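Here's the structure we're looking at; comments come further down.
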Amino acid sequence: MRISEVVVFIVYLIFMIGIGVYFFLRSKNTGEKGYFLGGRAMGPWVSALSAGASDMSAWVLMGLPASIYALGIGQIWIAVGLAIGYALSWILEAPRLRRFSIVANDSITIPQYLTNRFLSKSKAVQIICAVIFLFAYTIYAASSIKACGTLFSTVIDGLSPNVAMYIAGLIIISYTFLGGFSAVCWTDFFQGLLMLGALLIAPIFAVFMLDTAGASSVAQITAETQNFWNPVASWQDIVSGFAWGIGYFGMPHIIIRFMSVESQKSLKKSARIGITWTTLILIFAVIVGVVGRIFLGMNEEIAENSTVFLTMVRQIFPGVISGLLLSAILAAAMSTADSQLLAAASAFASDVYKPVIRRNQATDKEMLWAGRYVVLVIAVIAVIIASNPNAGSIMSLVSNAWGVFGAAFGPVIMLSLFWKRFTFSGAVAGIVVGAAVDILWLAFLSGTGVYEILPGAVAGLIAAVITSLCSKAPGAEVEALFDQAMAYEEAEA
């Protein structure tokens, strides 16, 4: 165990908690909108890096490099699909979602937006969304906490992975519980910078440390597996890789950042920053896998445990620097988990507790504490799932939750922003059918090799369109809201 690494970890974690305490003391009186959406006051840098960091969980520093390391660059298609999907979400979805959410009674959550968009008094969408949020986000958060446990137990000799998960869960709960959306965004901002720096530095130093054996290592890789340098994969892998990009259009903890940006002008700057950051992260994650294979050679244990980045950093750098760079893995896991916990909490507090349980009688203070209690409950359940050895790998947990969100919400959100004829019934049908087909495909047809998000999203889109066309057209007030949002767009363009 390197004492200096442990010291850096402790300092880093204290810094994260400090951010939560700061925003707790600063924003006691900001109310529901302040806690769950940061008062729509996020600047371009914070909103952009927060959106990216909340997306790029530990898989981008552990899972993706390990896949490239073990199987070759034919595994890049997930990265390609994500890069394209992320760029399109900022370009096509972000500007309209921010404007429409403001016009739709200043909505602060995705379920609230979908209800207000159609001026509906029904709570069906809010309740359905809240159920999906609570279920999927618990699994998603478990993957992040599991990654933290793997990192802690690797760096700190003798520390049980389960104990490490409990510690990580406690840290994440602390600053999310205290500071809300502002704390999550600012911690994500610093963690996003750290993740990018680590992915840039590690492979560059590894390349410079390669001696003349580097060329022979490349030759050895080619001799061992002729397909390592071949980007061509099966059609299922390519299609599924591109399908990952669909998830961005319906990922609540990411697209809510679009709603929080302070202005349309800032949003355009956020888009440039966010797209550049994510593209660089994905490119260098692939490079880490390739350089790691040349630098470390093939090691089954490294491939199995997804520790190529971790092993490479510890071999190259002294304790203080390696501790800082390895904190990037911690940052990736924590920045995703905190966003998921807050999104689930906001869905329950704003969309179930306030309108259904308390029938709009809850005070702002009561709402804040309801959300905080949900953060605590979900985090505890996520830790229990993560500590179960049969829960599945980090990547499998992420892919399952990602698929449900993308299939259920992606088509519905986009239709609500671009189709005036879209109806409330269509939105309900799209969400239910998308989620159901995604889950059923995973359960019974995963052997086809096609990622379940694709058939789920297609089915949800078809159900939403057909139901809308078969149901009564939106009323004049709903159409006027759509027109108002478009006029708002012209005024700020």
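Not measured: the values here are computed from a predicted model.
- Residues Trp77 and Ser240 have side chains not in contact (no heavy-atom distance under 4.5 Å, counting atoms from C-beta outward).
- The distance from the CG atom of Leu82 to the CZ atom of Phe242 is 11.0 Å, given to the nearest 0.5 Å.
- Ring-plane geometry between Phe133 and Phe409 is classed as perpendicular, the angle between the planes exceeding 60 degrees on a 0 to 90 degree scale with a lower cut at 30.
- The shortest heavy-atom contact between Ala142 and Ala382 is CB-O, 3.5 Å.
- Two residues are said to be in side-chain contact when any heavy atoms from C-beta on lie closer than 4.5 Å; Asn105 and Gln112 fail this criterion.
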Ser101 and Phe258: CA distance, side-chain angles, deciding distance, side chain to side chain contact (heavy atoms under 4.5 Å, CB included) verdict: CA-CA 10 Å; Ser101 66; Phe258 302 158; over 6 Å; no
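- Considering all non-hydrogen atoms of both residues, Phe309 and Ala202 come closest at CE1-CB, 3.8 Å.
- Ser399 places a side-chain N or O within donor-acceptor distance of the main-chain N or O of Ser396, the cut-off being under 3.5 Å.
- The environment of Phe418 atom CZ is dense: over 12 non-hydrogen atoms of other residues, nucleotides or ligands sit within 6.0 angstrom.
- Of the possible donor and acceptor atoms, one in the side chain of Tyr451 sits under 3.5 Å from a partner among the backbone N and O of Gly403.
- No donor-acceptor distance shorter than 3.5 angstrom exists from the side chain of Thr279 to the backbone of Thr276, with no hydrogens or angles considered.
- Side-chain contact between Val478 and Phe482 is absent, with no heavy-atom pair separated by less than 4.5 Å.
- Pairing each heavy atom of Ala285 with each of Pro65, the nearest pair is O-CG, 3.6 Å.
- Here Met251 contributes atom CE and Ile110 contributes atom CD1; the two are 11.5 Å apart, rounded to the nearest 0.5 Å.
- When all heavy atoms of Ala206 and Phe295 are compared, the pair lying nearest together is O-CD1, 3.8 Å.
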Stepwise side chain to side chain contact (heavy atoms under 4.5 Å, CB included) test for Ile385 and Ile145: CA-CA 9 Å; Ile385 293 174; Ile145 292 172; over 6 Å; no
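- The closest side-chain heavy-atom distance from Tyr140 to Leu397 is not below 4.5 Å.
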Test log, rule side chain to side chain contact (heavy atoms under 4.5 Å, CB included), inputs Trp235 and Val450: CA-CA 9 Å; Trp235 70 267; Val450 176; 4.0 Å; yes
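- A donor-acceptor pair under 3.5 Å links the side-chain atoms of Arg117 to the main chain of Ser416, judged by distance alone.
- You'll find the side chain of Arg96 reaches within 4.5 Å of the side chain of Met486, heavy atoms only.
- Considering Ile275, Leu280, Ile281, Leu282 as possible partners of Thr278, the one that fulfils the side chain to side chain contact (heavy atoms under 4.5 Å, CB included) test is Leu282.
- Across every non-hydrogen atom of Ala464 and Gly430, the tightest pair is CB-CA, 4.0 Å.
- Using a 4.5 Å cut-off on side-chain heavy atoms (C-beta onward), Ile413 and Phe249 make no contact.
- For the atom pair CD1 of Ile68 and CD1 of Ile76, the computed distance is 7.0 Å after rounding to the nearest 0.5 Å.
- Between the Asp438 side chain and the Gly456 main chain, no donor and acceptor come within less than 3.5 Å of each other.
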Criterion side chain to side chain contact (heavy atoms under 4.5 Å, CB included) on Asp483 and Lys420, from CA distance to verdict: CA-CA 9 Å; Asp483 293 336; Lys420 192 173 182 178; 2.9 Å; yes
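- Paired with Ser322 under the rule side-chain hydrogen bond (donor to acceptor under 3.5 Å, both in side chains), one option of Glu5, Gln315, Arg314 passes, and it is Glu5.
- Considering every non-hydrogen atom in both Phe422 and Phe118, the closest pair reads O-CE2, 3.3 Å.
- The distance from atom CG of Leu114 to atom CD1 of Ile431, rounded to the nearest 0.5 Å, is 5.5 Å.
- Side-chain N or O atoms of Thr311 include none that pairs as donor or acceptor with a backbone N or O of Val308 at under 3.5 Å.
- Residues Asn400 and Glu452 meet the side-chain proximity criterion, which asks for heavy atoms closer than 4.5 Å.
- Here the SG atom belonging to Cys129 is positioned 11.0 Å from the CG atom belonging to Leu134, to the nearest 0.5 angstrom.
- Rounding to the nearest 0.5 angstrom, the gap separating the CZ atom in Phe205 from the CD1 atom in Ile316 is 8.5 Å.
- Ring pair Tyr137/Phe405 is tilted by interplanar angle, where 30° to 60° counts as tilted.
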